[in-house]
Each structure stands twice: as structure tokens, then as C-alpha cells.
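A short write-up of the structure that comes next.
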Amino acid sequence: MHKLVLIRHGESTWNLENRFTGWTDVPLTETGVAQAREAGRLLKAAGYEFDVAYTSVLKRAIWTLWHCLDEMERTWLPVVKDWRLNERHYGALQGLNKGDMAKQYGDQQVLIWRRSYDTPPPVLDAADPRGQRQDPRYAKLAPEQVPLTECLKDTVARVLPCWNEVLAPAIKSGQRLVIAAHGNSIRALVKYLDGISDADIVGLNIPNGIPLVYELDDELKPIRSYYLGDPEAAAKAAAAVASQGKA
Ligand SMILES: O=C(O)[C@H](O)COP(=O)(O)O
């Protein structure tokens with residue numbers, strides 16, 4: 001049996017301001033740091049050990065991982081950063097307030113933008129300074145690999161190759177992995193692992209900073225999955241994420 005731990009980053013400054021973030025590289029708030037450290041304390045208390053850690057190229061996930069590993073006294077572990085674990089790109093919504101958008105376009109439209117499987121948010125103009133095509137961290141990618149918007153289906157299409165090429169082989173070789181990532185890159189992974197339908201994935205929300213443990217069989221099929229710590233608190237935090245897009 002393998003154990004895989006997924007952690008959505010702690011609260012970011014734009015989570016606090018309720019702004020669509022996507023590939024915008026914003027820092028953690030003090031609460032976010034505290035959540036990340038609490039995740040590390042929970043993992044340490046439960047006796048978790050890791051061989052390698054994976055994260056995105058966005059600082060809210062990188063710093064979450066670092067604070068978590070620091071609590072575990074494991075900052076020396078190898079850390080691999082992979083852009084394919086980034087948050088879903090939020091297109092022309094990046095920077096805008098989720099509640100304001102719901103007031104303007106209605107809760108249902110914002111729910112479609114946030115949670116539908118195959119309807120992307122409005123596309124960002126390639127020249128828009130909110131885009132990432134000039135960002136040096138993506139210099140090795142072809143311009144069209146740096147999205148101008150993404151629906152969850154697009155995010156699945158980049159997260160899955162990362163799973164198949166990097167993460168799954170590492171787990172199968174016996175390495176114990178922790179992955180610090182984002183609400184929608186984790187939804188993409190969970191959709192695949194649990195075989196969730198395109199319709200049902202709309203209802204899945206991932207809370208900030210709470211370790212999500214997957215127990216996997218030899219074929220990496222989930223045996224069970226659960227949040228560490230208080231399950232009611234995790235459910236409450238997931239419900240709070242769901243309501244961020246309401247007017
Ligand atoms: O990119 C963002 O705005 C958040 O990290 C995830 O947002 P969501 O819960 O609205 O998809």
C-alpha cells in the first residue's frame with residue numbers, strides 16, 4: 001500500500017481579498033503560513049515521512065510546502081517544482097473579485113467559470129500584462145503551452161502527464177510523496193484518481209492547508225482517502241471555498 005499526501009496551499013493574499021488568482025504569483029497571508037505549519041504539525045504527529053516533495057512554480061504552494069516541511073524538520077528533503085502542478089489559469093478573470101463578478105454576472109455564471117469541467121473563463125489577451133508568456137519561469141515552454149485561460153479539462157490535460165511521467169512512477173518505485181499544489185490542480189488529480197464524473201466534479205472543493213491523504217494499492221487505485229485532523233473542520237472549510245463565488 002502506498003500513501004500519497006496532497007496539500008492545497010494555505011490562504012493567499014488574493015484568497016483573503018477573494019480575487020481570482022490562477023497563475024498570478026501571490027504570497028501567503030499570516031493565516032496561510034499558520035495553516036501550512038499546522039499541516040506540518042499534523043503530519044509529524046501522525047508519523048508521516050516523505051522521500052521527495054513536489055510543488056508548482058507558484059510561491060503560495062512553494063512556501064506552504066516549506067513551512068509544512070519546516071514543522072516536520074524535513075526542509076532538507078528534495079523538492080521538485082513542476083509548472084504542470086500550477087493552479088488552473090483563470091484567464092481574463094485573474095485579479096477580479098469573485099463576489100463582484102457574481103453580482104455582475106450572477107452566481108450561476110461564476111459557478112460555471114469556477115467549477116464546470118469544460119467551460120473556460122473568458123480568454124486573456126496575449127498582450128495583457130496579467131498574462132505569463134513573458135515570465136522567465138516559463139521560458140522553456142512554447143508560448144501556446146502558457147495558457148490564456150483554462151477549464152478544468154485543460155488543467156487535467158497537463159496534470160495527468162505530470163502524474164503519468166513523474167508522480168506515479170516515483171510512487172510505484174516506493175517513494176513517499178507529498179505534493180503541495182492548488183485547488184484546481186488537486187481537483188484535476190482527485191477527479192482522475194477517484195474517477196469522478198464531469199458532472200460531479202462541480203461539487204468538489206478543496207480547503208486550504210489541510211493534508212489530504214490517499215491510500216493507494218499497487219496499481220495506484222485509491223483504497224480510501226481522508227483529510228488529516230478534524231473532518232468537520234475540513235468539510236466546513238471546503239464549504240467556505242464553495243461560497244466564495246456568491247454575490
Ligand atoms: O485561482 C484562484 O482564484 C484560487 O486559487 C482557486 O479559486 P477557485 O476556488 O475560485 O477555483
Side-chain angles (χ1 to χ4, degrees), residues 6-29 31-32 35-36 55-65 83-124 128 130-132 135 146-156 158-159 179-191 196 198 200-210 212 234-247:
L6 308 174
I7 308 176
R8 183 185 177 195
H9 61 83
E11 181 192 74
S12 73
T13 53
W14 281 19
N15 289 151
L16 181 62
E17 294 169 24
N18 205 21
R19 294 162 79 176
F20 288 103
T21 315
W23 282 35
T24 315
D25 198 9
V26 296
L28 295 175
T29 62
T31 301
Q35 289 168 334
T55 187
S56 71
V57 295
L58 298 170
K59 68 175 85 160
R60 57 193 188 275
I62 295 167
W63 291 357
T64 295
L65 179 64
W83 67 273
R84 296 174 296 184
L85 295 171
N86 273 13
E87 181 55 285
R88 180 163 64 94
H89 198 288
Y90 253 117
L93 296 179
Q94 289 191 169
L96 304 180
N97 181 280
K98 295 177 190 184
D100 288 351
M101 290 299 102
K103 276 183 209 129
Q104 207 171 326
Y105 296 98
D107 288 0
Q108 188 53 29
Q109 179 60 64
V110 170
L111 180 68
I112 291 168
W113 284 332
R114 293 182 73 212
R115 293 292 173 263
S116 80
Y117 184 57
D118 50 16
T119 305
V123 67
L124 192 65
D128 193 306
R130 292 175 296 155
Q132 283 72 36
D135 189 317
V146 180
L148 297 171
T149 189
E150 282 186 310
C151 58
L152 187 62
K153 191 176 177 182
D154 300 320
T155 308
V156 167
R158 61 163 159 95
V159 169
I179 304 175
H182 302 264
N184 293 292
S185 50
I186 292 176
R187 287 175 72 237
L189 209 47
V190 166
K191 183 182 193 297
I196 300 175
D198 299 358
D200 286 349
I201 197 64
V202 173
L204 180 74
N205 288 280
I206 308 290
N208 292 94
I210 306 180
L212 173 58
K236 222 170 137 189
V241 172
S243 62
Q244 283 165 356
K246 296 196 176 134

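Counting starts at 1 for both ligands and their atoms, following the listed order.
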Within the 4.0 Å heavy-atom sphere of ligand 1, strictly under, residues: Arg8, Arg19, Phe20, Thr21, Gly22, Glu87, Tyr90, Lys98, Arg114, Arg115, Asn184, Val241

With sequence neighbours excluded, residues passing ring pair (Phe, Tyr, Trp, His ring centres under 6.0 Å) with Trp113: Tyr105

Test: Lys153 and Asp198 ion pair at under 4.0 Å: no

Ion pair Arg158/Glu150, N-O distance below 4.0 Å: yes

Residue that, paired with Asn205, satisfies side chain to side chain donor-acceptor pair (under 3.5 Å) out of Arg115, Arg8, Arg187: Arg115

Donor-acceptor contact below 3.5 Å, side chain Arg19 vs main chain Gly95: yes

Residue among Val57, Val159, Asp25, Asn184 satisfying side-chain contact (heavy atoms from CB on, under 4.5 Å) with Asn86: Val57

